[in-house]
J.: 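My structure is below; once you've seen it, I'll send some questions.
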Amino acid sequence: MILGRFLVGLGIGANTVLVPVYISEVSPTKYRGSFGTICSLATSIGIIVALVLGIPCEKDPHWWRTMFYVASVPGILLIIGMQFAAESPRWLGKMGKWEEAKTTISQLWGNSQVKSAIEELTGINNLDGNCEEANWSELLTKRHFKAPAIGATLFILQQFAGINGVLYFSSLTFGDVGITNTIAASLAVGIANFSGAIVALYLMDKQGRRNLLLGSYIGMASSMFLLVIAFGAPIDEEMHHFLSVFGTLIYVSTFSLGAGPVTGLIIPELSSTRTRAKTMSFSLCVHWVCNFIIGLFFLDVVEKFGLPIIYSSFGIASLLAAAFTYYCVIETKGRSLEEIEFLLNPDLEPRD
């Protein structure tokens, strides 16, 4: 059991890095945001399906084995499906396989995009000079430092804005208002998460990543302050219950509107081809460390300081995230990955 959980953890950790990197590299520029959001949408659907499948656990103590069997099916399908997936044209170009890159670009983006895409890839590869794997120390250089710094900061602010504290312990909030069925409470949160992801799918390539991040964090801050009022203000019990549930659901839906999908999408967009994998790995390491800290200490901190103080700190972190996004994050909508790299490093000039 422990070994199995360890292997599942390795798979999840690898997928959180590889999936957004792969999607960003194979998607057409026009639809890259929407394709990236599909990942979050699929995660939301998976959570809802898992919750529904878990309902029999209340009556059958052995049902968890069936759930594990069912959970293995998507993994098997993914193994089979990836045999037919295209290789990243940016990786092919990095490895010097230009003919394969041209063929893949033609298949993925159309013949009309081959010439311009190859010119951009060639310009970036000429700057890199070789196809060797980037060293971790390169993330500290002037050219590559911005992306991991922005990525790590976004994930720190995302986690300390309280999403996992709210998700892990939402059943406590619903229990306080008399909803004792934990599966029903979790399902309500899952549906709120799904609804936000649907809206994000529609808006990602229309409003842009930066606007969605700003709107998301402002919505999360507003929701947190609603919860502070619910738990700390002298209001009647019925209003307290309403604000508790409403604030939690709005918080989750606004998170999935921007802070959730955009953070994982924009980091590979901001990264150079050479350091994209390491930038994403570093940023997600920061994410999981913060996630672990929140999960480990949340209840102890709540017991010591109380929910109003904790939720106030989540609201402040959300406002800080909105401010950081406004001043430090550039818009990537409608720009190729190579164009974004030159935008972040205006002094770069391709070498012949």
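When a residue number appears, it is its place in the shown sequence, counting from 1. A quick note: this is a predicted structure, and the numbers were derived from the prediction, not measured.
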J.: For the NZ atom of K146 and the CG atom of L139, what is their distance to the nearest 0.5 Å?
T.: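 So the NZ of K146 and the CG of L139 are separated by 15.0 Å.
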J.: Show, in sequence, the C-alpha distance, side-chain angles and deciding distance for T103 and S106, and conclude whether the side-chain hydrogen bond (donor to acceptor under 3.5 Å, both in side chains) test is met.
T.: CA-CA 5 Å; T103 302; S106 176; over 6 Å; no
J.: To the nearest 0.5 Å, tell me how far N291 CG sits from L296 CG.
T.: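 Taking CG in N291 and CG in L296, the distance rounds to 11.0 Å.
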J.: Closer than 3.5 angstrom, by distance alone: can the side chain of D60 be matched with the main-chain N or O of P56 as a donor-acceptor pair?
T.: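 Absent.
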J.: Can you find a heavy atom in the side chain of F314 that is under 4.5 Å from one in the side chain of M220?
T.: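 A side-chain contact under 4.5 Å is absent here.
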J.: Determine yes or no for a side-chain-to-main-chain donor-acceptor pair under 3.5 angstrom, with S24 supplying the side chain and V21 the backbone.
T.: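 Yes, the answer is positive, given that a donor and an acceptor are paired below the 3.5 Å cut-off.
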J.: Using 4.0 Å as the upper bound for N to carboxylate O, is an ion pair formed by E269 and R335?
T.: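 Result for this pair is no, no salt bridge flagged.
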J.: Is there a donor-acceptor pair under 3.5 Å between the side chain of S281 and the backbone N or O of A277?
T.: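 Judged by distance alone, yes, a pair lies under 3.5 Å.
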J.: Taking the side chain as everything from C-beta on, heavy atoms only, tell me whether P89 gets closer than 4.5 Å to V26.
T.: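 SC-SC contact between P89 and V26 confirmed.
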J.: Quick one: does T263's side chain have a donor or acceptor within less than 3.5 Å of a partner on G260's backbone?
T.: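 Side chain of T263 to backbone of G260: no pair is present.
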J.: Can you find a pair of side-chain heavy atoms, one from I340 and one from I330, that are under 4.5 Å apart?
T.: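 Yes, at least one pair of side-chain atoms sits under 4.5 Å.
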J.: Which of parallel (below 30°), tilted (30 to 60°) and perpendicular (above 60°) describes F155 and H287?
T.: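 Taking H287 first and then F155, their aromatic rings stand perpendicular (interplane angle over 60°).
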J.: Between K97 and E87, is the closest basic N to carboxylate O distance under 4.0 Å?
T.: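 So E87 does not pair with K97 through a salt bridge.
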J.: Taking C-beta and beyond as the side chain, do F160 and L320 meet within less than 4.5 Å on heavy atoms?
T.: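 They are not in contact (no side-chain heavy atoms under 4.5 Å apart), so the answer is no.
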J.: Under 3.5 Å, side chain of S44 to main-chain N/O of S40, donor-acceptor pair present?
T.: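 Flag set: sc S44 to bb S40 pair under 3.5 Å.
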J.: Taking only Lys NZ, Arg NE, NH1 and NH2, and the carboxylate oxygens of Asp or Glu, determine whether R143 and E341 approach each other closer than 4.0 Å.
T.: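 Judged by the 4.0 Å cut-off on N to carboxylate O distance, R143 and E341 do form a salt bridge.
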J.: Does F145 CZ have over 12 foreign heavy atoms under 6.0 Å away?
T.: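 12 or below, so no.
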J.: Please round to the nearest 0.5 Å and tell me the distance separating atom CD1 of I309 and atom OG of S313.
T.: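 With rounding to 0.5 Å, CD1 (I309) is 8.5 Å from OG (S313).
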J.: Return the CD1 to CG distance between I310 and L227, rounded to the nearest 0.5 Å.
T.: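 Atom-to-atom, I310:CD1 and L227:CG are 13.0 Å apart.
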J.: Quick check for you: to the nearest 0.5 Å, what is the distance between S312 atom OG and L307 atom CG?
T.: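 Nearest 0.5 Å value for the OG-CG distance: 10.0 Å.
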J.: Can you tell me which residue pairs pass the ring pair (Phe, Tyr, Trp, His ring centres under 6.0 Å) test with a partner in residues 54-80, sequence neighbours excluded?
T.: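 Only W64-F68 qualify under ring pair (Phe, Tyr, Trp, His ring centres under 6.0 Å).
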J.: For F282, does the six-membered ring have the charged nitrogen or CZ of K278 within the cation-pi criterion, i.e. under 6.0 angstrom from the centroid and within 45° of the normal?
T.: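 Judged by the rule (NZ or CZ under 6.0 Å from the ring centre, within 45° of its axis), K278 is not positioned above F282.
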J.: side-chain contact (heavy atoms from CB on, under 4.5 Å) with F324: which of I156, L213, I150?
T.: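 Of all the options given, the one that passes is I150.
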J.: Passes side chain to side chain contact (heavy atoms under 4.5 Å, CB included), R32 versus I23? Steps please.
T.: CA-CA 7 Å; R32 191 173 61 235; I23 291 174; 5.6 Å; no
